[in-house]
Structures are given as structure tokens and as C-alpha cells.
Amino acid sequence: MSLLTDLVNLNLSDCTDKIIAEYIWIGGSGMDLRSKARTLSGPVSDPSKLPKWNYDGSSTGQAPGEDSEVILYPQAIFKDPFRRGNNILVMCDAYTPAGEPIPTNKRCNAAKIFSHPDVAAEEPWYGIEQEYTLLQKDVKWPIGWPLGGYPGPQGPYYCGVGVDKAYGRDIVDSHYKACLYAGINISGINGEVMPGQWEFQVGPAVGISAGDELWVARYILERITEIAGVVLSFDPKPIQGDWNGAGAHTNYSTKSMRSDGGYEVIKKAIAKLGLRHKEHIAAYGEGNERRLTGRHETADINTYLWGVANRGASIRVGRDTEKAGKGYFEDRRPASNMDPYVVTSMIAETTILWKP
């Protein structure tokens, strides 16, 4: 008799050319991920060859009940690490039946910015450091922490090893391998300063693909924590007090910055970002004021400053970039719950297109 796991792991290619496509989109909160699956007649590798689809927007907070249909436009394809074979994950954005992007569709505007000739010519690269916290399901308290109590103070947990320092490594490593399987350019993982908190990095990725890859990496992590019975939190300050918050530090460079003389281009870009500090902070994630206190490796939310190798600055330039006279810089302001479509395109728009 077959076990449930046997059926879940059935290899469809043994008996049919049909595949399963899991359509993924962002829900009404701007942070919740939704998905549903459909059967296709055969393998597909080009998103333009996929059919558009629809969903009930009244059930996701994205449309009224009397006119609830929202249309999904397939935008990027990844291999499905859960169903495997030729099955795929499809990152979509959402539109009204008339073809207008709905308010939570931030990808559409980002794609316009990245397709601007001046931006495309600069080939913007991004590396996003996504921090997150794993919580116990029933009590919403970090895994590894004593119920109703606290572990020892921060210090031994960052990149820590051992049963009393690293909590949830099986989830983290499963996610790492699943992302590589999917075709996401995940470049690493590490334990973070607060126990139960981890980080993965996506990149370098060019333009709009940075947002696509980070959202699908988040989706895969949501699915893995679902299997593990653990709650995934992107709250920028999940535990109040003397504990590090969670960010999504965004590393950035343009072709000019990566070329000889790029350090001067970097300094000009940093100055432009400072002139629009309030606008960026407003778009960099909900609840970020609880994280950007000027303590725990952050600058104060109302202060803009940059420095070389300074993790207490808004913008950090690496020693290697300073030494080489070219390279990239890190915007440390984005919160862990930021929308990568918004943040990446806004950085490009401010540093390349905006005229002070």
C-alpha cells in the first residue's frame, strides 16, 4: 500500500508530459504570498508562453466582492523544488481586467524604471541580505528560546555553531538547497545576532530579476517552514529590548561604479540618496522605526550618514571598494519586510534618473 509520501513524490514524467505550474502572487497586505496551481500540457521555459490566469481578489483584500476578478500575468519561471521534475514556480504580478496594475502591484512600476534606457545602460546589480526570524507555532516566540523567557545575551549566536547557539539549521539548509534547485541566485546563508534569526543573500542579480528572485526565495521559505511547523516572521523588530532587529540590507552597484573611477560615482550616488532620505525611509518597510533606533548596528531613522566599514551608518562602503577605487555600496536602511521591487527600483531611480 502506498504511503502519502510515496504519492507526494510521484514522478509525473514517467507517465505524462503534463506539468504543474504553481502561480505565485503578492496579496493585499503587500507582504503575504498567495499561490495556486494549474495543469499545463507540457514543459514551459518562457513566461510569455504561459497563460494569464485570475483569482478572487475579494478574498485577498485586493478587489471588492461585486467586481472581484484580478488577472495574473506570468513574469518569471523557476524550477519547483517541491514537486520537482519539469514542474515550475511562476512569479506573477496582478492587474485589473482592463489591464491596469492593481495598487499592490509594485513590479509594474519597477519594470518601467529598469527598462528606462539610462538605467538599462548602467546594468544595476543588487545583492539583498534577507534577515528573518523563526518562531514557535503556538506561542509566536523564537525557536530555541525558553517559553516565556530569554536566552543568554547576544554574542555567541552570530554565525554560531552548536545546539545551544544555532536553532533551525535544518530549515535554513533545506531552503538554501531548494533555492539553488529552483535557479535562484542565492549566494549564501548565516546565523544572525539574535538567536532564532537567520539570513540568506540573493544576488548579484540584475534589475527586475532581483525582486523576482527574492520574492520566490521568500515563497520557498514560507513553504519549508509550513512543512516544518514553524512560523516565519519578517517583522523588523520581532523582540523588543536589547536584541538586534531584522533588515534587508541592499548592496548596489552600476556599471559606472564597477569601472575605473567608480568611487567618485559611488560618492555622488550616496549624496543623492541622502537628499531623498525621508522618501526612501517611507518606502523601506513597515515598522522600521522600531528597528532603526541608532543602536544594534543601525543608524537612527532620522539621521543619514555614510562611512567605510561602518555598520552603524545608513550607507556602508566596504574596505575593498575604497581600496580598489570602484565597486559597490550597501544601503542598510531597508527593513526585512520591504518590497524588493520598490527598494531596488527606487535606488536606481534616485541614483541614475533623479536630478536634484
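Please read all numbers here as calculations on a predicted model, not as lab measurements.
The closest donor-acceptor contact from the side chain of Thr60 to the backbone of Gly28 lies at 3.5 Å or more, if one exists at all. Remark: side-chain polar atoms of Asp32 are paired, donor with acceptor, to backbone N or O of Ser29 under 3.5 angstrom. In this structure, the side chain of Trp145 engages the main chain of Pro195 through a donor-acceptor pair within 3.5 Å.
No continuous path of ILVMFWY side-chain contacts below 4.5 Å connects Leu12 to Leu7, so the two sit in separate hydrophobic clusters.
Counted by atom type alone, Asp46 and Ser48 present one or more donor-acceptor pairs between their side chains at under 3.5 Å. A donor-acceptor pair shorter than 3.5 Å can be found between the side chains of Gln75 and Asp93. Side-chain contact, Glu129 with Asn251: a donor N or O sits under 3.5 Å from an acceptor N or O. Looking only at atom types and distance, the side chain of Asn11 has no donor-acceptor partner in the side chain of Arg84 under 3.5 Å away. In this model, a donor atom of one side chain and an acceptor atom of the other lie less than 3.5 Å apart for Asn190 and Gln201.
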Could you walk me through whether Gln154 and Asn244 pass the side chain to side chain donor-acceptor pair (under 3.5 Å) test, one step at a time? CA-CA 8 Å; Gln154 295 182 161; Asn244 271 33; 3.2 Å; yes
Pair Trp243, Gln197 - check side-chain contact (heavy atoms from CB on, under 4.5 Å), show working. CA-CA 11 Å; Trp243 304 98; Gln197 196 173 80; over 6 Å; no
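Minimum heavy-atom separation, Lys49 to Val44: CB-CG1, 4.0 Å.
Environment of OH in Tyr263: crowded, with over 12 heavy atoms of neighbouring residues, nucleotides or ligands closer than 6.0 Å.
Ring planes of Tyr341 and Trp215: tilted class, angle from 30 to 60°.
In summary, the aromatic rings of Trp141 and Tyr150 are positioned with their centroids under 6.0 Å apart.
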Going by atom type alone, with no hydrogens or angles, which donor-acceptor pairs under 3.5 Å involve a side-chain atom of residues 274-283 and a protein atom two or more places apart or on another chain?
unit_1: Arg276; atom_1: NH1; unit_2: Glu349; atom_2: OE1; d: 2.6
unit_1: Arg276; atom_1: NH1; unit_2: Thr350; atom_2: OG1; d: 2.8
unit_1: His277; atom_1: ND1; unit_2: Arg333; atom_2: NH1; d: 2.8
unit_1: His277; atom_1: NE2; unit_2: Ile301; atom_2: O; d: 2.8
unit_1: His280; atom_1: ND1; unit_2: Tyr284; atom_2: OH; d: 2.7
unit_1: His280; atom_1: NE2; unit_2: Thr350; atom_2: OG1; d: 2.8

